[in-house]
Number of protein chains: 2
Amino acid sequence: MTLPPGDSAPGKPEATISIDEDRSVVEAKEPSLHRRILEDVEGKILSGEWPPGHRIPFEHELTEQYQCSRMTVNKAITELVKRGLIERRRKSGSYVTHPHAQSAVLEIHDIRLEVESLGLPYRYERRARLSRAAKAADRRLMELAEQARLVEISALHYAGAQPFCLEERLINLAAVPEAINESFEATAPGAWLISQVPWSAAEHRIRAVGADARTAELLAIAPGTPCLVVERRTWSGGVYITHVRLTYPGEKHELVAEFAPSHPKQAL
Amino acid sequence: MTLPPGDSAPGKPEATISIDEDRSVVEAKEPSLHRRILEDVEGKILSGEWPPGHRIPFEHELTEQYQCSRMTVNKAITELVKRGLIERRRKSGSYVTHPHAQSAVLEIHDIRLEVESLGLPYRYERRARLSRAAKAADRRLMELAEQARLVEISALHYAGAQPFCLEERLINLAAVPEAINESFEATAPGAWLISQVPWSAAEHRIRAVGADARTAELLAIAPGTPCLVVERRTWSGGVYITHVRLTYPGEKHELVAEFAPSHPKQAL
DNA sequence: CTGATGATTATGTATATACATTATATCCAT
DNA sequence: ATGGATATAATGTATATACATAATCATCAG
């Protein structure tokens, strides 16, 4: 393999293997070759130069263009496949995907951090805790066994003097038996649970509701005020660990999700 | 560190390079080796067997365990690094990352598909369209140039006889000049835009609001009814393409975000 | 024209090797 | 001890090679 320092290869920046006499000209860390290929191809796709359905050059053509081995090209393209920008078909080639669904990445932080990042003092207040048998409604929510026992917690998270969020939680004692000994008076159940149980998946449901009388009172808002409700179910290998409903009052709270174009597959 | 179901290599299913005489025993498509390594390691992390901060085996150790080349191990671990499960430090080793934020993946589909997947007939109705210069408020929203021109569209998406979603959109004519010739009477701007402009990033803001008088009338609901509002800004390489506000009436509409395991983290 | 067959070709996976990079550890002289 | 040079170990990147797999294409018999 050759890698001639200044020619043929498209858009190639100078200074490749030249650390011979003048080490001072370090040239600001050029990225690795497979990254450059990835970025070039990504750029062509995002700019529209290669529209959806377009067949990108074969691996052996890119190998030729960049004067590198096939493995290097393959690494770049494989990554773009994982990101959902490209689809590959044997014998046929690699094609720019048609964007279907956008997949947004919603970052969900601990409530304490959320509050503190607003520059407000955080306070946690547990309101109620009881352990009881699962009712039919709980089993619908969490797919529990008939005789399952739960811990039910109601708590408020404050930002300054204002209620920031109402937390209503169920914990499956079959999955987290230690919860029976925990009062949750000082520590919020979310933080406690992470330290106890590794978990493998979760599901979020986000909707807008009007505050009912009880919720309104707890959150110090008028009944009927629109609230953002996030319901999260968390489980670990098929076993439900916890169900939590977080109710954020008023129109102030926002969930922010950053996006990248994608259609199937993994998140990045 | 032993997982011996059959022999030396951990968790290794039989039939690996034995295609000598009996090709009939094909053994139900075992996954590739690097995938198996990836899944094994991921499993150990998600199960909590390797907690945050734990140093996973060195590449050369995994090479030994799985009786494969370093490149294969490297491919698996590199993927886990991209997923945020593992952090690597040269000369030191690879470590299970500590939790920071949980990231949920929110799939956002075309509204037509959303409606149809509910088994309801979809109908689109454009209400208004005008092209105009950007106002100060628009520029705050979209970071536009002073003299930018926009197309403004208001439309309704119906599920059966009921309004499903109110769409209010601005399109930056500098980014999509073709929009000036498009009436958007038959085609919804979302679908049209996707076919016109490749986009590289977007930002979503999700919140609950009470319907104002105008919105309430359009959506055939009472003023003040809680609505889920999704605001999306989309751009391509630093240029804003479009801003859209989607207002879903009532408490019925839900956004669902599946959590693709990325690591055992906070916000349970 | 139709359908089977086999060649061709692009991708998928894996190996063995090489050298670069970067922390860490060790040792030696002060 | 302390500071600094040196060795060492683990990851990062890249190459050349090999064979497997799957889809397409061309060919040819019927």
Side-chain angles (χ1 to χ4, degrees), chain A residues 1-5 9 12-13 15-20 23 26-39 41 54-82 86-97 265, chain B residues 9 12-13 15-20 23 25-39 41 54-82 85-97:
Chain A
M1 203 61 321
T2 30
L3 281 198
K12 179 178 240 170
T16 320
I17 333 174
S18 55
I19 320 164
D20 25 18
R23 286 189 55 84
V26 192
E27 212 113 326
K29 189 68 173 181
E30 81 180 65
S32 58
L33 183 48
H34 68 260
R35 274 218 63 145
R36 260 194 355 93
I37 299 175
L38 187 153
E39 281 162 13
V41 173
H54 176 86
R55 208 209 76 228
I56 76 168
F58 297 127
E59 291 191 352
H60 71 261
E61 292 175 314
L62 291 171
T63 284
E64 188 66 27
Q65 279 175 37
Y66 287 92
Q67 285 296 296
C68 68
S69 80
R70 207 191 118 211
M71 281 300 290
T72 305
V73 169
N74 187 277
K75 185 164 191 173
I77 305 300
T78 299
E79 173 61 21
L80 288 174
V81 170
K82 285 194 201 118
I86 286 177
E87 217 174 59
R88 314 197 81 178
R89 285 202 288 280
R90 274 168 159 145
K91 166 72 201 231
S92 173
S94 304
Y95 300 82
V96 178
T97 50
K265 278 274 149 190
Chain B
K12 178 178 239 169
T16 319
I17 331 173
S18 55
I19 320 161
D20 25 18
R23 286 189 56 83
V25 189
V26 192
E27 213 114 327
K29 190 68 172 180
E30 80 180 65
S32 58
L33 184 48
H34 67 262
R35 274 218 62 144
R36 259 195 355 95
I37 300 175
L38 188 153
E39 282 163 13
V41 173
H54 177 86
R55 209 210 75 229
I56 74 168
F58 298 127
E59 290 192 351
H60 70 262
E61 292 176 313
L62 291 170
T63 284
E64 187 64 26
Q65 281 175 35
Y66 287 91
Q67 285 295 299
C68 67
S69 80
R70 207 190 119 213
M71 283 298 293
T72 305
V73 169
N74 187 277
K75 186 165 191 172
I77 304 300
T78 298
E79 172 62 22
L80 289 174
V81 169
K82 283 190 203 120
L85 280 163
I86 285 177
E87 215 173 61
R88 314 197 80 177
R89 285 200 287 280
R90 272 166 162 152
K91 166 72 202 221
S92 175
S94 305
Y95 299 82
V96 178
T97 49

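Proteins get letters first, then strands, A, B, ... in listed order; numbering begins at 1 in each.
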Seminar exercise, completed: Those residues at least two apart in sequence (or on a different chain) that pass side-chain hydrogen bond (donor to acceptor under 3.5 Å, both in side chains) with Glu64(A) are none
For this session: Tell me, please, which residues at least two apart from Thr78(A) pass side chain to side chain contact (heavy atoms under 4.5 Å, CB included).
Result: Asn74(A), Lys82(A), Arg88(A)
Problem set entry | Residues forming a side-chain hydrogen bond (donor to acceptor under 3.5 Å, both in side chains) with Ser92(B), sequence neighbours excluded | Tyr95(B)
Problem set entry | Reading 5' to 3' through nucleotides 6-14 of chain C, protein heavy-atom contacts under 4.0 Å coded B for base, S for sugar-phosphate only, - for none | --BBBBBBB
Problem set entry | Heavy atoms of other groups near Arg55(B) CZ, more than 12 under 6.0 Å | yes
Exercise. Can you check whether Leu85(B)'s main-chain N or O pairs, donor with acceptor, with Thr97(B)'s side chain at less than 3.5 Å?
Worked result: yes
Exercise. Which residues pass the side chain to side chain contact (heavy atoms under 4.5 Å, CB included) test with Thr72(A), sequence neighbours left out?
Worked result: Leu33(A), His34(A), Ile37(A), Cys68(A), Ser69(A)
For this session: Round to the nearest Å and state the distance from Tyr66(A) atom OH to dT15(D) atom P.
Result: 13 Å
Problem set entry | Counterpart residues, side-chain hydrogen bond (donor to acceptor under 3.5 Å, both in side chains), relative to Arg90(B) (two or more places apart) | none
Problem set entry | Under the ring pair (Phe, Tyr, Trp, His ring centres under 6.0 Å) test, residues paired with Phe58(B) that sit two or more places apart | His60(B)
Problem set entry | Length of the CD-C1' vector between Glu64(B) and dA10(D), whole Å | 16 Å
Pull out every protein N or O sitting under 3.5 Å from an N or O of nucleotides 26-28 of chain C, one pair per line with the distance.
none

